[in-house]
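Taking it in order: structure first as C-alpha cells, then the write-up.
Letters A, B, ... mirror the listed sequences (proteins, then strands); counts begin at 1. Heavy atoms only: backbone and side chains are in, while hydrogens, waters and symmetry mates are out.
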Amino acid sequence: MENHPYAPAEIEPYWQAEWQEKSAFKIPNDIETLKTKPKFYVLGMFPYTSGAGLHVGHAKNYVPSDVFANFRRMQGYHVMHPMGWDAFGLPTERTAVRENEHPAHITERNTETFQQQMQRIGFSYDWSRKIDTSVPEYYRWTQWIFLRLYEKGLAYLADVPVNWCPALGTVLSNEEVKDGKYVETGDPVERRLMRQWMLKITAYADRLLEDLDVLDWPEGLKEMQRNWIGKSEGADITFKVKESDKTFTVFTTRPDTLFGATYCVLAPEHPLVSEITHPDDASAVNAYVKEAINKSDLQRTDLATKKTGVFTGAYAINPCNNAPIPIWVADYVLMTYGTGAIMAVPGHDERDHEFASAFGIPIVEVINGGEKPIEEAPFEGDGVCVNSDFLNGMRVADAKEKMIAWLESEERGTPQVQYRLRDWLFSRQRYWGEPFPLAHLEDGTIVQLPDEELPIELPPIDAYKPTEDGKPPLARADANWLKVTLPDGQTATRETNIMPQWAGSCWYYLRFLDAHNTEAPFDPELERYWMPVDSYMGGAEHAVLHLLYARFWHKVLYDCGLVSTKEPFQGLLNQGTILAQSYQDAKGKYYYPHEAEEKDGECVAKASGVSLQTQIEKMSKSRFNVINSDDVIDNYGADSLRLYLLFIGPFTASTPWQDAGVEGVYRFLQRTWRLVIDEDSGELSEKLTDAAGTTESELWRELHKTIKQVTEDTESIDKMNTAISQMMIFVNTATQAKSLPKEILKIFLHLLSPYAPHIAQELWHRLGETGFIALSQWPTHDEAVLTSATVTIIAQVNGKLRNRLELPADATEKEIEEAALTDERVQRFIEGKPIRKVIVVSKRNLINIVV
RNA sequence: GGUCGAGUGGUGGAAUCGGUAGACACAACGGACUUAAAAUCCGUCGCCUGUAAAAAGGUGUGAGGGUUCAAGUCCCUCCUCGACCA
C-alpha cells in the first residue's frame, strides 16, 4: 500500500515556514555586501489589492518572474525580487462606502489576503521590503516627489473638460463612462470645464519617444507608446477673419494642401466662436455648441458617425490666395488637440471630404494621383501639386517645405511639432488617494508646504462624498486640518483634491531598494547599485499609461539628479492573459461553471434548464469564470499550480485554463517523487545508488541535455514551457532506468528547484543534503557528454524523407553521399533516374538527392 | 478604418539560421495489475489508400500563388481571429 505518497499539503507549508524563519530570500541592504556580487532586478507589476483576491491570472505573471529570480539567484546574482500593494484607488473607496468602513481597514484586510495567497504559492519575495502605497510612510515620498515636479514648473492648474456626474456630485474617469452614462448606476454624465491639476508630461514627449530606442522591450509595445505620444510635424498657419481684426491659428500636417482649403472649422469650445458668429446664425450655433460639449472625444471623432456642424456666417481669408472661405463649427474638431481649429481640405482628407460632401462645400483637387475623381473620394497619398500656384509640379514632401518657408517669409505661419499626447490630468475629487502637499493663500496664490511637514496625512471625514457646495470630499475635514500655518506665519487653506491612483505606482520600483528609509525616498548608493530594473513583467493593459507615467516621473527624477539612469525599466515582457470557459444565457447573464451542465450535446443551466452559450474569454470576476489559486493549491499543491501555469504555453501567449491540464503536471511531480522515495516504506528508493562512475550512461547524457535546455529556456523566460517538457523527458527516462545514481538526481533537482521549489527542497533534504537548494549553485552542462560516436543522417530524395542512416559522427561529406546513394530504400526512389544534384548539409545531418 | 500580432491533430502547444512537422502533455481508445474500482505501468493515437495484422505509399501547418535542392518558417494576394489606436 502506498503509505507515503507525494503530499504537497504537508511539505509545502513546512518549507514556506522554514524560508520565512531563516530569511532565506532576504536581500542585504548594506552596499559593501551587495557589491560582492553582480545584481539583477526582477519585478512583477504589483497588484491592485481589490477584495476579490488573487486568481490564477495574477499568478501567470508572478510565477515566471519568480522562476527567473530563483534562476538568477542560483547563478550567483544578488536578486532584487520584491512585492507590494497598489492600494489607493476608487474600487476600495467604493467598497468603503458600501460597507461603511474606513478604506484603510479594507486595504489592510485585502493586502493580508493577497500576501497569504502569495506565500502559499511559495514565491521567493523579500517580504521585509513589502510596500503599500496608501500608508503615510510611503505616500510621504510620493508627495515629496510631487513637490520636485512642482518646483520644476511641471504641475499647473487648468480648466479642462471632465466627466461630471451631477447625481454623484463627482468627476468620473473615461473608463467609467459609456454612452454618456455612469456604467454602474446609469446616471447621466456631462462634460464640464473644471479647474484641475495637470502634469506637463508633454514637456517630455520628445525624450519619452527617443529613449524608447535603447530599451529591450517588445517592438509592438514600443510602437504603442510611439502612437500614444503621436508626434506629427507640420505648421501653424494664421487665418484672418474677413471684415474683422480677429485671427485664429490652425495646426496642419499638410501645409502643401493650403490652396485646397475650402473652409475652416472651429471646435465648439473655441473662444472665437461666440465672437465671430453672425447674429442671424447665433441661435443655431449656440444650440449646436451646447449639445456638442456633452459628447465624449471618442463619440465626436469616430469615423463611423455622421459628421455634424453649423455655419457661423463668418468667413476666413485663405492666406495663400486671399480667397474667402466659410468658417464652420463642428464637433469633429477637438479643442484639446492642436489649436482647436483646422483648415479643411476636403480633396485630401477623409473627414473633411465627408463633411464637405454632406454640406455642399466645394472640393478642390490640389494633389494629383488619386484613382477616383476628387468629388468621389479624397486622395491622401503622395502625388504632384496642381491648382496651387507656386507649388504646382512639386511632390508632397517638397511642397510642404516650400509652403512652410513661404508662410514664414510672409509671417503667416511657422513650422510646428504637435503631439497627440496630452498633459496628464492629475487631480481627483475623491478621498482615497494622496493629498497634495499644497495650500492656497487668501489672495489665490498657491504655496508648497515644506518637506519637513510631510506626510500630509489623510484627515478623517464623515462621508466619502463631495460637500453640498460641490467641493471634494477632503473639504469635509476638520478646520484644524484645512487651515495650515505656513513657516512665515501666514495662514492658508489646504488643497483638497487628491492625486490619481497612478501616482503611487510611478516610483514604487525605487522604494523597494530601500523600503524603510525615513530620511529620503531611497539611498542614492543603493539606487546606483540596483537600477535599472532588468526584467519587468506585467499585463499589456499597462502598456501605455502606467509605463508612460512611470517613465515620465523617472526622467524628472533623473533631471533632479536623484536617479542615475534615464529609463527605469530596461527589460520588459508582457504576459499573455489567462482565458477560461464562461457560460452565458440569451439575455447575456453569466453563470458559474458549477451552475452549468452538458445535456444532449448542449450546455444548459442546471437550475432552469435554459440553454447556455459557452465561450473562452479573459478570466474576470464579472464573467464568473475566475479560478482561485487557493482552490488549485488545495487539490494539487503550489508546485503543480506553478508548473501548470508555465507549461500551459509561452509566457507571452494568451491561453485557456484547463483543469485537466493540472493533472498532467501533478503526475509528473508524483513520478519525480517516486524516483527518490519508495511509497510503500517512505524510505529512499532501492534503485538509488552511490555510484559515481556513471558518466557514460544514457541517463547521464539525458541529464546534460536537460541542463542545457532548461538553462537556455529559462534564460529566455518565454520558453519555460519547453524547459518543463525536457524535465518530463528526463524523469521518464530516469523512471525506466534500473539504477539511479543519487548524484544525477541531485543535479536534476537543481533544475527543478526554481520551478517547483517545495518538492525540490524536500527531496534534496531527503537525499541527505542540508540547507536550501534554492540558494545552491546552478549546474552547467558538459558539451562533450552530448556528442556521441554516431549520428543520424536524414536522407531525402527530392526533399522528401526516405530513410535515416546511422553513420560515424566523423563521416565526411563524401562518405555520407556514398552511404546514401547505396542505401536500399533510397535506391528505390532514384532507380533509373539521372541524379541532378546532391546537397549535403552536414550541420543539419541531412542529405538531399535531386533526381 | 489604421497599426501590430496570430492561424499547426479532438485539446494546450513543440519545431534553432529555410533542413525529420506534431516534441511534451491533456482527452480518447486498447492491454496488464485488481474480486471490483481508483491509482500505477505498457501500448495506439493527423487524414487517406493499403493489410488479417504489418510492410509500404500518398497527402497534410487558414486559402491561393511564388522563390528554393528543400517552406509551418521567406515573398505576394486573400480570409479569419486577437490586441491596441481611431
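Figure legend. B:rU51 is base-paired to no nucleotide; pairs are counted as Watson-Crick or G-U wobble with both atom distances under 3.5 Å. With a 3.5 Å ceiling on both atom-pair distances, B:rC45 lacks any Watson-Crick or G-U wobble partner. Of all nucleotides present, only B:rC69 satisfies the Watson-Crick or G-U wobble test against B:rG19, with each distance under 3.5 Å. Across all strands shown, B:rG7 forms a Watson-Crick or G-U wobble pair, both distances under 3.5 Å, with B:rC79. Nucleotide B:rG12 forms a Watson-Crick or G-U wobble pair with B:rC24, both donor-acceptor distances falling under 3.5 Å. Checking B:rC33 for Watson-Crick or G-U wobble geometry (two distances, each under 3.5 Å) identifies no partner in any strand.
A ring-centre distance under 6.0 Å is found for A:Phe355 and A:Tyr332.
Taking 90° from 0 as the syn/anti boundary, the base of B:rG82 is oriented anti. With a glycosidic angle no further than 90° from 0, B:rC17 counts as syn.
Between the CG atom of A:Leu643 and the P atom of B:rC24 there is a distance of 17 Å, rounded to whole Å. At whole-Å resolution of the value, CZ in A:Arg674 and C1' in B:rC41 are 9 Å apart. Between A:Asn227 atom CG and B:rG1 atom P the separation is 18 Å, expressed in whole Å. Regarding A:Leu669, its CG atom lies at a distance of 16 Å from the C1' atom of B:rC26, rounded to whole Å. If you take CZ of A:Arg351 and P of B:rG1, they are 16 Å apart, rounded to a whole angstrom. The separation between A:Leu645 atom CG and B:rG13 atom P is 14 Å, rounded to whole Å. Remark: P of B:rA70 and CD1 of A:Ile794 are 18 Å apart, rounded to the nearest angstrom. Distance, A:Trp657 CH2 to B:rA25 P: 19 Å, rounded to whole Å.
In this structure, A:Arg420 reaches the sugar-phosphate backbone alone: every heavy-atom distance under 4.0 Å involves primed, P, OP1 or OP2 atoms, never a base. Heavy atoms of A:Ala660 sit under 4.0 angstrom from primed sugar atoms or phosphate atoms, though from no base atom. Note on A:Lys719: only backbone sugar-phosphate atoms sit closer than 4.0 angstrom, heavy atoms only; bases stay farther off. The residue A:Ser654 sits close only to the backbone: its heavy atoms come under 4.0 Å of sugar-phosphate atoms, none of a base. Residue A:Ile729 is classed as a sugar-phosphate contact, given heavy-atom separations below 4.0 Å to backbone atoms only. A:Asn732 comes within 4.0 angstrom of the backbone, heavy atoms only, and of no base. When heavy atoms are screened at a 4.0 angstrom cut-off, A:Gln225 is found touching no nucleic acid atom at all.
A:Glu698 has a carboxylate O that lies under 4.0 Å from a charged side-chain N of A:Arg701, or vice versa, which qualifies the two as a salt bridge. Contact check on A:Arg226 versus A:Asp213 returns a salt bridge, with a Lys/Arg side-chain nitrogen under 4.0 Å from an Asp/Glu carboxylate oxygen.
Among the nucleotides B:rC85, B:rA21, B:rC69, the one closest to any side-chain atom of A:Leu801 is B:rA21. You'll find that the side chain of A:Glu223 is closest to B:rU3, out of B:rU20, B:rG58, B:rU3. Side-chain proximity of A:Asn848 to the nucleotides B:rG19, B:rC42, B:rA23 is greatest for B:rG19. Comparing B:rG13, B:rC26, B:rU20 against the side chain of A:Arg667 picks out B:rC26 as the nearest. Closest to the A:Arg802 side chain, of the nucleotides B:rA14, B:rG12, B:rG57, is B:rG57. Distance from the side chain of A:Gln658 is smallest to B:rG12 among B:rG19, B:rU40, B:rG12. Counting only heavy atoms from C-beta on, A:Gln670 has its side chain closest to B:rU40 among B:rC24, B:rG13, B:rU40. Of the candidates B:rA25, B:rC84, B:rG19, B:rA25 carries the atom nearest the A:Phe647 side chain, counting heavy atoms from C-beta on. Between B:rG12, B:rA14, B:rA23, one nucleotide has an atom nearer to the side chain of A:Ser725 than all others, and that is B:rA23. Closest approach to the A:Arg671 side chain among B:rU20, B:rA25, B:rC69 is made by B:rA25 (side chain taken as heavy atoms from C-beta onward).
A gap of 14 Å separates the C1' atoms of B:rA14 and B:rU73, to the nearest Å. The gap from the C1' atom of B:rU35 to that of B:rG30 amounts to 22 Å, rounded to the nearest Å. Separation of the P atoms belonging to B:rA70 and B:rU51 is 33 Å when rounded to the nearest angstrom. Straight-line distance between the P atoms of B:rC4 and B:rU77: roughly 13 Å, to the nearest whole Å. Straight-line distance between the P atoms of B:rG72 and B:rG7: roughly 14 Å, to the nearest whole Å. Distance noted for atom P between B:rC48 and B:rC41: 31 Å (whole Å). For the C1' atoms, the distance from B:rA6 to B:rG13 is 14 Å, rounded to whole Å. The separation of B:rA21 from B:rU59, taken at their P atoms, amounts to 13 Å, rounded to a whole angstrom.
Under the 3.5 Å distance criterion, the side-chain polar atoms of A:Arg642 are matched with a main-chain donor or acceptor of A:Tyr755. Under the 3.5 Å distance criterion, the side-chain polar atoms of A:Asn803 are left unmatched by any main-chain donor or acceptor of A:Val826. Listed for the A:His348 side chain is a donor-acceptor partner under 3.5 Å among the backbone atoms of A:Phe379. In this structure, the side chain of A:Lys222 engages the main chain of A:Leu212 through a donor-acceptor pair within 3.5 Å.
Of the two residues contacting RNA chain B, namely A:Gly661 and A:Leu846, the nearest-nucleotide position lying further toward the 5' end is that of A:Leu846. Sequence order on RNA chain B of the closest nucleotides to A:Asn798 and A:Ile648 puts A:Ile648 first from the 5' end.
Aromatic ring pairs are classed by plane angle as parallel below 30°, tilted from 30° to 60° and perpendicular above 60°; the pair A:Trp657 and A:Tyr644 is perpendicular.
Crowding of A:Gln827 atom CD: a count of heavy atoms from other residues, nucleotides or ligands under 6.0 Å exceeding 12.
A sub-4.0 Å separation between OP1 or OP2 of B:rC24 and a side-chain N or O of A:Asn721 is absent. OP1 or OP2 of B:rC84 has not a single side-chain nitrogen or oxygen of A:Arg226 nearer than 4.0 Å.
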